[in-house]
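Following: one structure in structure tokens, then a few remarks.
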Amino acid sequence: MQLSLTQPSSWILLLLVTNLFLWKNVASVPFCAMRNVRCFMFLEDMFDLAGSMSHNISIEVSEMFTEFEKHYAKVPGLKDKSLTRCHTTSLPIPENKEQAKHTHYGALLKSAHMVLKAWKSPLNDLVRQISTLKNIPDTIISKATDIKLKINSVEQGVNSIINRMLQNGDEERNYPAWSSLPIFKSNDEDASIRSFYGMISCLDNDCKKVDIYLNVLKCYVLQMDNC
Ligand SMILES: *[C@@H]1O[C@H](CO)[C@@H](O)[C@H](O)[C@H]1NC(C)=O
């Protein structure tokens, strides 16, 4: 059978080949992050940790989201998606695992970093203000605090991988602006709850994406099967 590039399947094949080639290069370089002239962590271990942490974060955010949704189920219009606009919507990042697998590792690392960094200020606001909601369960507050710390830590980890691996790693990167929403300060309790709900739903989607990116990377770098 002759392969023609006008056939969609041939394009996929080409992408896969290109992709494997890229990953082969990554996996064959001996990485070691240096501190005080000592090798303190191999890059493979950093990818392993970043993948595992981002997966755990994604699970914890989902749990927080479900808990919030159940707790405030009676709030009118809670799930009205038309009210939600995520501040990260405009980021040029892969949408799903298929796209992530066909993305250069450098772009994938930067996508993960952009999303994590974009959530730093919003999470500070969230943790500071969510406790002002009436009857908010303590478990939600403690999850939010924990998630904030973990996201900061993965963000730093991914940043050091980028600085280690990419020549232009410290180039200026643009992060979407976050302005503390006036709705958080609303006197209307239901409106505040809807804002928090929308925000947590955005966080949930974004953490799932970061989980995918970092685990696609982990899978290729550690040369696992079935990436
Ligand atoms: C992720 O969660 C699992 C299961 O709770 C735990 O064993 C593992 O240590 C966690 N990974 C990290 C990096 O925290």
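Every value quoted in this text rests on a predicted model; they were computed, and no experiment measured them. When a ligand or atom number is given, it counts from 1 through the structure's own listing order.
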| query | Against heavy atoms of Leu49, which atoms of ligand 1 measure under 4.0 Å? | reply | 13 (C)

| Is Arg128 salt-bridged to Asp125, cutoff N-O under 4.0 Å? | yes

| What are the atoms of ligand 1, with element, lying closer than 4.0 Å to any heavy atom of Ser52? | 11 (N), 12 (C), 13 (C)

Exercise answer: donor-acceptor pairs, residues 89-98 side-chain atoms, under 3.5 Å, sequence neighbours excluded:
| residue | atom | partner | partner atom | Å |
| --- | --- | --- | --- | --- |
| Thr89 | OG1 | Cys86 | O | 2.6 |
| Asn96 | OD1 | Glu98 | N | 3.3 |
| Asn96 | OD1 | Gln99 | N | 2.8 |

| message | For atom 14 (O) of ligand 1, is there a protein heavy atom at a distance under 4.0 Å? | response | yes

| Is atom 5 (O) of ligand 1 less than 4.0 angstrom from some protein heavy atom? | no

| query | Parallel, tilted or perpendicular: which describes the rings of Phe68 and Phe196, with under 30° parallel and over 60° perpendicular? | reply | tilted

| Closest approach of any protein heavy atom to atom 10 (C) of ligand 1, naming residue and atom | Asn56 ND2, 2.4 Å

| So, does Ser111 use its side chain to make a donor-acceptor pair with the main chain of Ala107 at under 3.5 Å? | yes

| said: Donor-acceptor pair, distance only, cut-off 3.5 Å: does the side chain of Glu67 make one with the backbone of Thr139? | reply: no

